Amino acid sequence: MARCAAAPLVVTPPNGAATAAGWRLARRGPVLPAPACVTARPAAASPVPHAASTALVHDVVKAVGVEFVGALAASPYRDYYVLAGAAVGAVVWVKLFDYLAANGTLEQKLSRKLVHTTTGPIFVVTWALFSANPTARLLAAVVPMLNFMRLFAVGTGLLSDPGLVNSVSRSGDRTELLKGPLFYVVTLVAATVLCWRDNPAGLIAVSMMCGGDGLADIVGRRLGRGNPLPYNSAKSVAGSVAMLVGGYGMSYGLISLFCSLGFFACYPPAALYGCLGAIALAATVVESLPINKWVDDNVSVPGVAAALSLVLLPQPAEAAAAAVASAAAAVVPVAAAGVAATAVAAAAAGSVSLSL
Ligand SMILES: C/C(=C\COP(=O)(O)O)CCC[C@H](C)CCC[C@H](C)CCCC(C)C
Ligand SMILES: Nc1ccn([C@@H]2O[C@H](COP(=O)(O)OP(=O)(O)O)[C@@H](O)[C@H]2O)c(=O)n1
């Protein structure tokens with residue numbers, strides 16, 4: 001029996017990515033031949049009934065998935081649906097870890113760091129579901145903003161949510177929510193509004209904060225005893241190596257995903273490996289310094305990573321300028337002309353730099 005034809009590989013001109021990216025999933029989704037495969041497969045005729053039924057289930061699931069993505073993409077409320085899904089997902093995800101810590105499945109510190117390590121990248125992956133509308137990035141930013149308000153309300157005592165306090169504080173003190181966790185969501189807002197999916201700087205910043213810093217704690221607490229850093233005994237070589245590997249790996253994964261979806265131009269592998277290595281190393285050094293009482297590492301680590309990414313992994317000038325212009329037009333209409341002019345002028349000069 002003939003297998004379903006594979007969906008055609010989509011190769012998008014890099015500079016078109018900024019405008020067309022959001023609808024790409026919608027456009028590509030429905031052309032997959034899944035429904036035809038489902039109807040064209042007579043189960044009874046199969047010489048191996050079990051294999052045939054497995055294939056049928058696979059095809060049905062695929063068809064439903066394609067239909068779902070197609071319907072979502074075609075809806076005028078697409079961005080609102082994605083926003084609502086991500087906002088509810090954030091609450092459910094944090095509650096899940098609270099539950100796992102409360103019933104003893106996970107140690108509380110590990111649960112907290114898993115929240116730290118996972119929520120950022122999952123949120124970033126939801127960016128791919130938003131439309132190409134210039135307001136999409138602002139709607140996406142509502143998700144961390146809602147979490148900001150929640151953390152602020154619970155941290156200041158305006159609202160009571162012991163589950164949230166248990167999930168994200170170290171000691172059960174609600175005022176801790178006003179420190180690391182609050183900076184964490186502010187960084188997610190900044191990455192969404194300023195970088196979005198047109199530029200890998202946001203992905204890299206989030207990866208260093210989550211995959212890097214998150215893993216440093218998880219590994220450092222377990223394997224860091226006996227190998228303190230020479231200049232900071234509170235941190236370890238094991239933790240820093242984990243930060244380097246985790247930050248690099250998560251950045252590489254997210255960049256590969258977003259570039260394969262056509263949101264920005266892919267880099268030559270050698271350049272990507274080298275530049276990501278340098279960025280991950282710099283972020284690791286920053287994380288290892290004893291500077292946390294002056295600047296929270298949810299700001300210093302992603303800040304350095306984003307700044308270096310903009311320098312080492314620039315996107316084509318026109319795409320970057322278009323991204324800046326569309327963000328400015330959406331956020332501050334009055335300032336749009338000036339910012340766009342600055343970006344275009346910088347692009348013309350051959351060195352576009354977006355700043356966090
Ligand atoms: C525990 C957290 C930070 C602590 O940082 P540090 O002090 O250890 O340096 C992370 C707090 C996460 C926050 C409560 C929830 C953030 C949700 C996110 C904006 C959206 C996720 C959506 C997705 C669908 C799961
Ligand atoms: N580079 C690192 C970072 C953290 N760690 C371990 O993780 C713990 C928490 O790290 P941290 O104070 O940076 O925690 P956060 O501020 O990131 O939550 C440290 O006390 C170390 O045990 C490490 O061993 N090496």
Side-chain angles (χ1 to χ4, degrees), residues 82-98 101 108-127 129 140-152 154-155 161 163-171 173 176-192 206 208-210 212-229 231-247 283-293 295-302:
V82 181
L83 189 170
V88 172
V91 175
V92 172
W93 194 246
V94 174
K95 276 208 183 303
L96 172 71
F97 282 98
D98 177 36
Q108 199 275 342
K109 282 195 181 100
L110 176 61
S111 161
R112 175 175 178 279
K113 271 297 157 179
L114 287 174
V115 169
H116 181 123
T117 306
T118 56
T119 49
I122 298 178
F123 169 60
V124 158
V125 168
T126 69
W127 290 355
L129 299 172
V142 168
V143 178
M145 278 183 211
L146 287 173
N147 281 274
F148 178 97
M149 291 193 259
R150 191 167 162 232
L151 290 166
F152 183 81
V154 176
D161 187 342
L164 182 66
V165 175
N166 285 338
S167 310
V168 301
S169 74
R170 285 187 181 84
S171 62
D173 175 2
E176 276 186 39
L177 273 54
L178 303 173
K179 298 174 190 162
L182 210 63
F183 286 119
Y184 181 97
V185 294
V186 167
T187 291
L188 291 182
V189 172
T192 312
V206 171
M208 295 302 159
M209 175 175 78
C210 302
D213 188 24
L215 218 62
D217 179 302
I218 293 172
V219 174
R221 281 183 196 278
R222 282 157 187 78
L223 306 177
R225 233 170 272 140
N227 52 74
L229 291 173
Y231 51 89
N232 184 0
S233 59
K235 310 221 170 174
S236 63
V237 174
S240 291
V241 170
M243 158 110 203
L244 186 70
V245 174
T284 300
V285 170
V286 167
E287 194 275 342
S288 73
L289 299 173
I291 55 172
N292 225 16
K293 56 175 177 281
V295 48
D296 192 276
D297 54 12
N298 293 327
V299 174
S300 58
V301 167

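All of these numbers come straight from a predicted model, not from anything done at the bench. We count ligands from 1, going down the list as the structure has it; atoms in each ligand are counted the same way. Count residues from 1 along the sequence.
- Annotation: side chain of E287 is in contact with side chain of K235 (closest heavy-atom distance under 4.5 Å).
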Distances only, to 0.1 Å: what are the N or O pairs between ligand 1 and the protein that fall under 3.5 Å?
from, atom 1, to, atom 2, distance (Å)
ligand 1, 5 (O), H116, ND1, 3.2
ligand 1, 5 (O), N298, ND2, 3.1
ligand 1, 7 (O), R112, NH2, 2.9
ligand 1, 8 (O), R112, NH1, 3.3
ligand 1, 8 (O), R112, NH2, 3.0
ligand 1, 8 (O), K113, NZ, 2.8
ligand 1, 9 (O), N298, ND2, 3.0

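- The side-chain hydrogen bond (donor to acceptor under 3.5 Å, both in side chains) search around Q108 returns none, not counting sequence neighbours.
- Among pairs with a residue in residues 215-226, those fulfilling salt bridge (Lys or Arg N to Asp or Glu O under 4.0 Å) read E107-R222, D217-R221, at least two apart in sequence or across chains.
- In this structure, R112 contributes its side chain and V168 its backbone to a donor-acceptor pair below 3.5 Å.
- Two residues are said to be in side-chain contact when any heavy atoms from C-beta on lie closer than 4.5 Å; W93 and V115 fail this criterion.
- Here the side chains of V206 and L188 are in contact, with some heavy-atom distance below 4.5 Å.
- For the pair A191 and W127, the tightest heavy-atom approach, listed with the atom from each and the gap, is O-CH2, 3.8 Å.
- Contact residues for ligand 2 (protein heavy atom closer than 4.0 angstrom to any ligand atom): K113, R170, D213, A216, D217, G220, R221, A234, K235, S236, G239, S240, E287, N292, D297.
- For the pair I218 and L110, the minimum side-chain heavy-atom distance is below 4.5 Å.
- Contact of the D296 side chain with the Y184 side chain is not registered, since no non-hydrogen atoms from C-beta on lie closer than 4.5 Å.
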